[in-house]
Amino acid sequence: MPFEIVRNDITKMKVDAIVNAANNSLLGGGGVDGAIHAAAGPELLAECRTLGGCATGEAKITGGYRLPAKYVIHTVGPVWRGGQYGEEAALTACYQNSLKLALEYKCETVAFPLISAGAYGYPREDAIAIAVSTISAFLLQNDMMVYLVVYGHESLDAGRKLFRDVQEYIDDVYVDKHLEANHENRRRSIWHEKAAKMEELDEMALFESTSIGNAAPMLAPSAVADLDELLKKTDKGFSETLLDLIDEKGMTDSECYKKANVDRKLFSKIRSNPSYRPSKTTAFAFAIALELNLPETEDLLRRAGYAITHSSKLDVVVEYFILNRRYNIYEINEQLFERDMPLLGSGTN
Ligand code: APR
């Protein structure tokens, strides 16, 4: 998944580069700056001393030393002073310049903290919105795995109103598993009764046809023809259906998998294997990227062997966004992240 929100301590991230929310001196401080210097060891400060500081919005790169990360990209976020002093542009530049440096140093994986959202006082919801929009814009043009690291038990605080609306929908629609299971069991037993009845009728029909002396084949010729017809019409698989939908929507493959927050490698696996079965979150991710309505989404998921069920809160959250035609996968992932649910996109399959 090219962009993922994770709950972690950034100094533990095994990525090519972690980004430090530094100050203009680059000589260390508290918060994530302090944690990174403490974990990297004194060599980091020694190298920082040679950099001559860093302007707000700019970024500079050093080695990672004792960190699991190979590099540290130091960037200096704006101090929040009410929003009229170019804070948004400066914070956007922090993410852009850090990503540019990561690209120059051929980093494939990068982890960001929430720059300026701590001591520098940037309102969290706005800081997150800038991080998500800047990173996702970059990922439309570049292949990289980017993590946004939320520290400890901090809440993402993304879209409080949206969080409430989604929560209301979950409360209305979500059905506890055991209740749903009872519904399903009842439905299943009715189905079994019906199937048994049909079998009985078939046996009687078969008996009659053999008992009048003609050695009726196990299946009447017309039935065999229907069966062939039926087999010909067997559903297209997920992969073929996805490619048809991409063409129908007039998208390119890369536009689609990037909008689905799915990495190129996984997409080519899906494209080259007609019987490929993706994870449910990947199937959902493509439905969002293609901006499918609910019946179209149900059809696409069915071809991967899944059904949307109200006994899964993840399904209910995604259904909320589809019914409201809100197809920003990062917005959906923020709501899923807030509820500690798996995010949409590939992960591995
Ligand atoms: N891993 C990930 N995120 C962390 C960690 C960590 N180990 N420690 C803190 N954070 C989070 C904070 O919870 C906050 O959400 O990083 C975000 C940024 O907070 P700060 O570190 O305070 O950075 P910032 O708001 O940009 O202020 C920068 O603080 O530490 C000083 O020297 C730094 O002067 C500079 C100022």
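Order of listing sets the numbers, starting from 1, for every ligand and every atom in it.
Salt-bridge annotation for Arg326 and Glu331: present, with a side-chain N of the basic residue lying under 4.0 Å from a carboxylate O of the acidic one. The pair Asp16-Lys70 does not meet the salt-bridge criterion, since no charged nitrogen lies less than 4.0 angstrom from a carboxylate oxygen. Look at Glu291 and Lys259 and you find a salt bridge, because one of the NZ, NE, NH1 or NH2 atoms lies within 4.0 Å of a carboxylate O, short of that distance.
If you look at Tyr105 and Tyr71, their ring centroids are closer than 6.0 Å. Taking the ring centroids of Phe3 and Tyr330, they lie under the 6.0 Å cut-off.
The ligand atoms of ligand 1 that sit less than 4.0 angstrom from a heavy atom of Ser116 are 24 (P), 25 (O), 26 (O). In summary, the atoms of ligand 1 found under 4.0 Å from a heavy atom of Arg124, numbered by their order in the structure, are 15 (O). Listed by number with element, the atoms of ligand 1 under 4.0 Å from a non-hydrogen atom of Ala21 are 23 (O), 26 (O), 28 (C), 33 (C). Using a 4.0 Å cut-off to heavy atoms of Ile10, the atoms of ligand 1 that qualify are 1 (N), 2 (C), 6 (C). Of all the atoms in ligand 1, the ones that sit under 4.0 Å from a non-hydrogen atom of Gly29 are 32 (O). Each of the atoms 30 (O), 32 (O), 33 (C) of ligand 1 lies under 4.0 Å from some heavy atom of Asp33. Close approach to Asp9 involves these atoms of ligand 1, each under 4.0 Å from a residue heavy atom: 1 (N), 6 (C), 7 (N).
For ligand 1, the polar-atom distance check against Gly121 finds no nitrogen or oxygen pair separated by under 3.5 Å. Among the atoms of Val149, none of the N or O lies under 3.5 angstrom from an N or O of ligand 1. Note: no N/O pair closer than 3.5 Å links Gly34 and ligand 1 by distance alone. Considering backbone and side-chain atoms alike, Leu114 places every N or O at 3.5 Å or more from each N or O of ligand 1.
With Arg66 contributing its side chain and Ala39 its backbone, the two residues share no donor-acceptor pair below 3.5 Å.
Ligand 1 lies nowhere less than 4.0 angstrom from a heavy atom belonging to Thr11. Distances from ligand 1 to the non-hydrogen atoms of Ala117 include at least one value under 4.0 Å.
Among all protein heavy atoms, the one lying closest to atom 25 (O) of ligand 1 is Gly118 N, 2.7 Å.
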